[in-house]
Amino acid sequence: MKSKELINHLFESCKNGRSVCELHCLTLKTGLITNSLFLTKLNTLYAKHSTLQNARKLFDETSQPSVYLWNSLLRGYCREKQWKETICLFNQMLSLSNSTSDKPDNFTVPIVIKACAGLSDLRTGKVIHGLVKKNDKMKSDMFVGSALIELYTKCGEMEDALRVFEEFPEPDVVLWTSMVTGYQKNGNAKEALSLFSQMVVNEGLSPDRVTLVSVVSSCAQLMNLLAGKSVHGLTIRMGFDNDLSLANSLLNLYAKTGSLRNARNLFAEMYEKDVISWSSMILCYVQNEEPEAALDIFEEMVKKKYEPNSVTLVSVLQACAAASNVDVGRRIHELTKQKGFELDVSVSTSLLDMYMKCSCLNEAVDIFEKMPYKDVVCWAAYISGFAQNGLAHESLGIFRNMLSDGTRPDAVTMVKVLIACAELGVLPQALCLHGYLVSSGFDDKVFVGAALIDLYSKCGSVDNSIRVFDALSEKDVVVWSSMIAGYGMNGFGREAVRMFNLMTECPGIIPNHVTFLSVLSACSHTGLLEEGIKIFDEMVHKYKIEPNSEHQNVMVDLLGRKGKLNKAMEFIEEMKVKCEPHILGALLGACRIHQNVEMAERVSKKLLRQDSNHAGYYVLLSNIYAVDEKWDSVARIRNLVKEKGLTRIPGQSRVQVKDRVYTFTAADTSHPESEYVYQLLREIEVKMKEEDQISDTDFILDGV
DNA sequence: TTAGGGTTAG
């Protein structure tokens, strides 16, 4: 009794500042070291205070360690995430134990299973589960149960996890929560919420703060703001509003569902914040298209002395990319070096992506080449980056390099490759990629399907687009919109409108601003004036979508092409938002088609006040004057262009013949057979005239 | 002595 008191006294003194080593030395002298209770306590202390080496030494010096001592050391390794050492020690324990007093018990097992989960070592985990099944005490232990559930969910084996869970006649909140979390982490948030409701409604159990974190994460995954908000209300009623993790998960919910206002309010009212809160808020601004605000809040975070981690850096780099702010991007690059995140694959990928999006190709290439480990995400960023910078051909070459490097593409990578290929618009490659998608099983994913439809449309092969569209088992709004756009860009305006009408009859599919842009531009290209006006009206009044400058541009184009120049002008004047120059540009183009000099002068006056450095507008105007033979005005405009030193970026066409892609620009004579090409063009032109396919030859010649 | 939780890259 006396020694027990002494032990407790000594351990108390440790809490008050005495070091564990000091205690150890002190008690070696008193002989207490032979007391088994003391030994375990001491070892636990060592293990807890990250002095594993000392714990190990003490353990090795003990001749017949008790199960307590084994567990204490195992827990130390586990706490330090030294999973392999944990399992190794456990194996030692199994082989050395020879009596009931040092056999693994129900305290040992959860530690070892956790280590298996840490290594995602399902095989060893299952062996231990086999041992558990033979032992009634272990089988009914909820700590063992929750460790097993964690193992199975981590390895994606939800059926096994459920089997363990169902072995318990009355599982507690922790076990329920383990299952909820498991489903959420495996991307099945719906099942997670269903389980949560079973727990609360059927079992009458009250969730704790950890349960609610998983529930909020599930709502975020489902983008279900309404459900998430009601859970937020519940957390307040239960008095959990000070819980940091819970607040962070709510912040993430608001960020993902686009409720910036809620996120901002919550962030302002948070009882305490940590680096995760700040990172989440930065990402929230990025996701809600306010990258400048994201950069501001990062500055504030640094000023307040919060230490950014790799996630913070990834988020800020996304903000730099979205804001096209390469100066701040370079500063963050320096910071990643200072903080030692240079080898972090996600940080490097974000850097690479940022440089690509800021058109700094050389820097991006440099980052990529220096990456010691290249995963599928960084390859995808690299492929996509080249295509974004107008180097789609090279981008497909990189895809080939990736394959020969032995990295297996995933669905997202394939979409990037499809986009690059669409940029080139070459059908043989498209067919080849489609074949690969079918053989790899990615072709049934909706977002892959949408990209494939777009690719075929851009290769001019609507038939193939239709085939892909029909074959997709699941069609979302993006798939429908791609198909509508595909019809539109290939001149099948009526089909596009028909598709649009079909789509609006599909339950659960609501057209968005992209759908409307596609169908309206289809109307514009085919000259479907009445249909276009009707659909625009529906967009504004039925679907309550505020038209953006692109929608307005298309409408002006549609009205203008059909010669309704005054109506187009009225449309522009009635617009609620500021008129972007390109909208007036569309009207000017229409003035060119219908040769309305008077309106062209009015429009260009307005237009050049807004944007006086766009060579294309001057060229349009001068062409209008030329047709009317107003040569003075033509000369005046041309001089103006010269004085301003403006140049026009020439448009390009590409044609693939066998394995080569040929690029043509206006008045291009660089091709060795250009003489022949022009001759052929002239012949085609004569034939088209004969068949009355063109009424405006000088307009066509402009392009040649 | 023992359990389940929050932010990241294409």
Side-chain angles (χ1 to χ4, degrees), chain A residues 40-41 43-45 47-48 67-76 78-79 105-114 117 141-150 153 171-182 184-185 207-217 220 243-253 255-256 274-284 286 308-318 321 341 344-354 356-357 375-385 388 409-417 419:
Chain A
T40 310
K41 273 204 164 195
N43 216 351
T44 304
L45 260 182
K48 256 190 195 166
V67 62
Y68 303 103
L69 202 61
W70 280 101
N71 288 347
S72 152
L73 189 64
L74 279 166
R75 203 166 290 118
C78 194
R79 193 176 285 122
D105 62 5
N106 53 321
F107 289 91
T108 322
V109 168
I111 306 167
V112 189
I113 296 174
K114 206 181 163 76
D141 188 312
M142 295 216 215
F143 292 90
V144 176
S146 79
L148 280 168
I149 292 173
E150 192 195 343
T153 59
D172 66 357
V173 186
V174 177
L175 280 184
W176 277 99
T177 306
S178 302
M179 285 307 294
V180 172
T181 311
Q184 185 254 322
K185 290 245 164 97
D208 65 11
R209 47 192 83 207
V210 183
T211 322
L212 293 178
V213 168
S214 296
V215 173
V216 172
S217 300
D243 189 284
L244 183 59
S245 301
L246 196 43
N248 284 341
S249 67
L250 282 164
L251 209 52
N252 181 242
L253 163 83
K256 287 232 166 84
D274 65 358
V275 58
I276 297 182
S277 325
W278 284 92
S279 306
S280 300
M281 205 55 211
I282 292 169
L283 209 70
C284 179
V286 176
N309 63 15
S310 65
V311 181
T312 323
L313 294 172
V314 165
S315 311
V316 191
L317 286 168
Q318 278 189 20
F341 288 116
D344 184 302
V345 65
S346 57
V347 173
S348 301
T349 305
S350 303
L351 272 169
L352 155 68
D353 187 54
M354 183 273 295
M356 283 294 194
K357 285 184 177 148
D375 66 2
V376 63
V377 182
C378 87
W379 276 104
Y382 203 50
I383 290 168
S384 173
Q388 283 159 19
D410 61 3
V412 182
T413 314
M414 288 316 297
V415 169
K416 304 290 175 196
V417 175
I419 293 170

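Throughout, a chain's letter reflects where its sequence line sits, starting with A, and its residues are numbered from 1. On a predicted model such as this, the values are computed, not experimentally measured, just so you know.
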Subject >> A:Phe107 aromatic ring stacked with six-membered ring of B:dT1, 5.5 Å and 30° >> reply: yes
Original post:
With sugar-phosphate meaning primed atoms plus P, OP1 and OP2, does A:Ala380 contact a base, only sugar-phosphate, or nothing at under 4.0 Å between heavy atoms?
Top reply: base
Subject >> Closest listed nucleotide, where the reference is the side chain of A:Lys114 and the choices are B:dG4, B:dT7, B:dA9 >> reply: B:dG4
Original post:
What is the nucleic acid contact for A:Asp375, judged by heavy atoms within less than 4.0 Å: base, sugar-phosphate only, or nothing?
Top reply: base
**OP:** Tell me what A:Val415 touches on the nucleic acid: a base, only sugar-phosphate, or nothing, going by heavy atoms under 4.0 Å.
**Re:** nothing
Subject >> Touch class at under 4.0 angstrom, heavy-atom based, for A:Asp274 against every strand present >> reply: base
Original post:
Given B:dT7, is OP1 or OP2 found less than 4.0 Å from the side-chain N or O atoms of A:Lys256?
Top reply: no
Subject >> Short side-chain N/O contact from A:Lys185 to OP1 or OP2 of B:dG4, under 4.0 Å >> reply: no
Original post:
Base, sugar-phosphate alone, or nothing: which one does A:Ser178 contact when heavy atoms must sit under 4.0 Å apart?
Top reply: sugar-phosphate
Original post:
Contact class for A:Ile149 vs. all strands (heavy atom < 4.0 Å): base, sugar-phosphate, or nothing?
Top reply: nothing
**OP:** Quickly work out the A:Asp243 CG to B:dT7 C1' distance and round it to whole Å.
**Re:** 15 Å
Original post:
So how far is it from A:Asp353 CG to A:Cys378 SG, rounded to the nearest 0.5 Å?
Top reply: 11.0 Å
Original post:
How is A:Ser348 classified with respect to the nucleic acid when contacts are heavy atoms under 4.0 Å: base, sugar-phosphate, or nothing?
Top reply: nothing
**OP:** Please work out if A:Ser350 contacts a base, only the sugar-phosphate, or nothing of the nucleic acid, heavy-atom cut-off 4.0 Å.
**Re:** sugar-phosphate
**OP:** Go through the N and O atoms of the side chain of A:Arg75 and the base of B:dT2, and report whether any donor-acceptor pair is under 3.5 Å.
**Re:** no
Original post:
Which part of the nucleic acid does A:Ser280 contact within heavy-atom distance under 4.0 Å: base, sugar-phosphate only, or nothing?
Top reply: sugar-phosphate
**OP:** Just call it for A:Thr312: base, sugar-phosphate, or nothing, with non-hydrogen atoms closer than 4.0 Å on any strand.
**Re:** nothing
Original post:
Just how far, in rounded Å, is P of B:dT7 from CG of A:Leu317?
Top reply: 20 Å
**OP:** Looking at every strand, decide which applies to A:Asn71 at a 4.0 Å heavy-atom threshold: base, sugar-phosphate, or nothing.
**Re:** base
**OP:** Quick one: label A:Val173 by what it contacts on the DNA or RNA (base, sugar-phosphate, nothing), any heavy atom closer than 4.0 Å.
**Re:** base
**OP:** Look at the side chain of A:Thr413 and the base of B:dG10, then say whether one donor and one acceptor between them are separated by less than 3.5 Å.
**Re:** yes
**OP:** Select base, sugar-phosphate, or nothing to describe what A:Leu283 touches, counting heavy atoms under 4.0 Å on all strands.
**Re:** sugar-phosphate
Original post:
Which part of the nucleic acid, if any, lies within contact of A:Val376, taking any heavy atom under 4.0 Å across all strands shown: a base, the sugar-phosphate backbone alone, or nothing?
Top reply: base
